[in-house]
Amino acid sequence: MTTAATSWIIFRRSMRYTLRKPAWVVFGLVQPMLYLALFGPLLNRISQAPGFDGGNTWRVFVPGLLVQQGLFSAVFVGFGILSEIRSGTLDRMRISAAGESGLMLGRMLRDAVVLTAQAVLLTLGALVAGLRAPVGGVLAAFALVTVVGLAVAGLAYGLALTVRHEEAYGQLVNALMLPAMLLSGVLLPLALAPHWLSLLAKANPVSHVVTAERALFAGEFGSSDTLVGVAVAAALAVVAVWFAARAIRRSS
Amino acid sequence: MISAQGLSHSYRTRFGVVEAVRGVDLEVAEGEMVGFLGPNGAGKTTTVRMLTTLLTPDGGTATVAGHDVVRERAAVRRAIGYVGQSSGGTEHLVSDELRTQARLQGMTAADAAARAAELTVRFELDAFAGRPLSRLSGGQRRRVDLALGLVHRPAVLFLDEPSSGLDPQSRANLWDHLRGLRAEHGTTVFLTTHYLEEADQLCDRIVVIDGGRVIASDTAEALKSRIGGDVVTLETDRISDAATVVARLVPGCDLDTTPAGVQFHVAHAQRLLPELLRALDLADVALESVSVKRPTLDDVFLRLTGRSLREEGRPAPAPAPAPAAETAEAAAETAAEAETATETPNTEVTT
């Protein structure tokens, strides 16, 4: 069976589950909504600070929040596959005519769709809070979020299949997540950073993705910030697909 | 249908290399139902995972349904059904999982739906087809697992500890389904177990594994006959007279006296009983009771390894073939007799 056919079957299976329990998608939004309600307003007064360019601070804050949501999704996604390993479901699916990469890719696609839906809901919430941004740019930003979702899910699956234990996985993701977040300027723009910190951040691929999201929210489709961020996200997604596929083939 | 030569696998752990399987040879014919019996940690699951391509062997070769498990992994995976050790279930619905698994086996949506419906009837899943797997009882979930493994009508079915954790009724139900499967479709079945009755009642042949090596392979009957036949116990007041009669009728029968009577070993005891009872009657020996106990696979395992299966693989305190003393009583009698008393259904005749 082709990878595409397997992916489609698995995507639909995962999606049916998600649609049966949509509450999880909403629960996953509690944290970012709190950021939106309780952290976002702090930024209004500093709109003159570097990185905000005197405009709508939500336009800077919301894109970062979307990427942060993408990073956090790694936790749920990884624990999800670990429970499928534990219950024997993954082994059962591997003993079939299915392509193993498809077993991963189908799940990754569902995760990307869920993240995108969350991004849409978050952005709607931000509109209420005071976000004003060009529609085309925001829609493009959602597309980039989808790519981020694919990348994060693939890396999470690869990692979970490699360590295979909930506890170890939790620790590992925690250890990786915090620096990835702090060094990407998700909460405050890196324009505020001292030189050494911005150098470190440049080495973190996530920072380029955040920068691209902000550029898209500002309606800059063709800027180098956008192009670099999109390229980095796409490259991460390709690496993630490869990593997840390799992990399941080697898993035993 | 299954053929393995010198299959081996080691795990690296923090405490060093563990040789889980050390050169397993296996031959399973088409349509055969084989039980892979051994204590926990004997290497059963590791062997099955190698035969089902989930684990790459470190050494040796194996073919399943005519395909090499390493070089033709995909072909093996299409040909076999696999029911692994399950713990808990997923949140996905039973009917959904059946259809998804059928689709993963390459069926069209329509075929998958039809097959799922067919299996739902066959394995009596109707009542909970719309429930998530995690909400089923152990027996219900096992039936679903079995249905999932059979979605594509595989020629070979592997089951890893299928009745582990099931209540006796669910276990009997599972056995019925496995027997039916073989009778109707001639499916080759290879199952691991550490339940003696399971291997005994269900399987054509039993392969005993211990410490990563196959230590015996035969029918349950043949394995049991290795330990000198049935145990016959006569309860009576006139012990010495009874002993005299038995010794005359069955010479060399390992005769032993107990506080309540006599005990001896003989092959096919049921054929001897009429004659024995007549002789005892003629000698004026009144009996309280007569019992015949068939030797169990546990006795066999004990004889082969020096340990009881029920000890779950703990090493024996005494070297083989001296049996491990479990209780004071067991130490007093021979271990085979002590083991038998606890679990086997026995034929008992009371006069």
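We name chains A, B, ... by the order of the sequence lines, and we start the count at 1 in each one.
- In this structure the side chain of B:L104 reaches within 4.5 angstrom of the side chain of A:L103, judged on heavy atoms.
- Residue contact with chain B, scored on non-hydrogen atoms closer than 4.5 Å, is absent for A:S83.
- Using modelled atom types, no side-chain atom of B:T120 and backbone atom of B:L125 make a donor-acceptor pair closer than 3.5 Å.
- The most heavy-atom pairs under 4.5 Å with chain A, out of B:L54, B:L93, B:L55, come from B:L54.
- The choice from A:A98, A:S251, A:A97 that makes the most heavy-atom pairs within less than 4.5 Å of chain B is A:A97.
- A donor-acceptor distance shorter than 3.5 angstrom exists from the side chain of B:S137 to the backbone of B:Q140, with no hydrogens or angles considered.
- Of the N and O atoms on the side chains of B:Q85 and B:T45, at least one donor lies less than 3.5 Å from an acceptor on the other residue.
- Contacts between A:R92 and chain B at a heavy-atom distance below 4.5 Å involve backbone atoms as well as side-chain atoms.
- Judged by distance alone, the side chains of B:Y11 and B:T46 do bring a donor and an acceptor atom under 3.5 Å apart.
- Interface remark: of the candidates B:R73, B:H92, B:H152, B:H92 forms the most heavy-atom pairs closer than 4.5 Å to chain A.
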Next item on the list: Apply the test salt bridge (Lys or Arg N to Asp or Glu O under 4.0 Å) to residues A:D91 and B:R49: give CA-CA distance (whole Å), side-chain angles for both, the deciding distance (0.1 Å), then the verdict.
Entry: CA-CA 10 Å; A:D91 280 346; B:R49 290 184 73 80; 3.0 Å; yes
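- Interface remark: B:T53 contributes side-chain atoms only to the contact with chain A (heavy atom separation under 4.5 Å).
- Of the two parts of A:M1, only the side chain, counted from C-beta on, holds a non-hydrogen atom closer than 4.5 Å to a non-hydrogen atom of chain B.
- Proximity to chain B is absent for every atom of A:R250, based on heavy atoms less than 4.5 angstrom apart.
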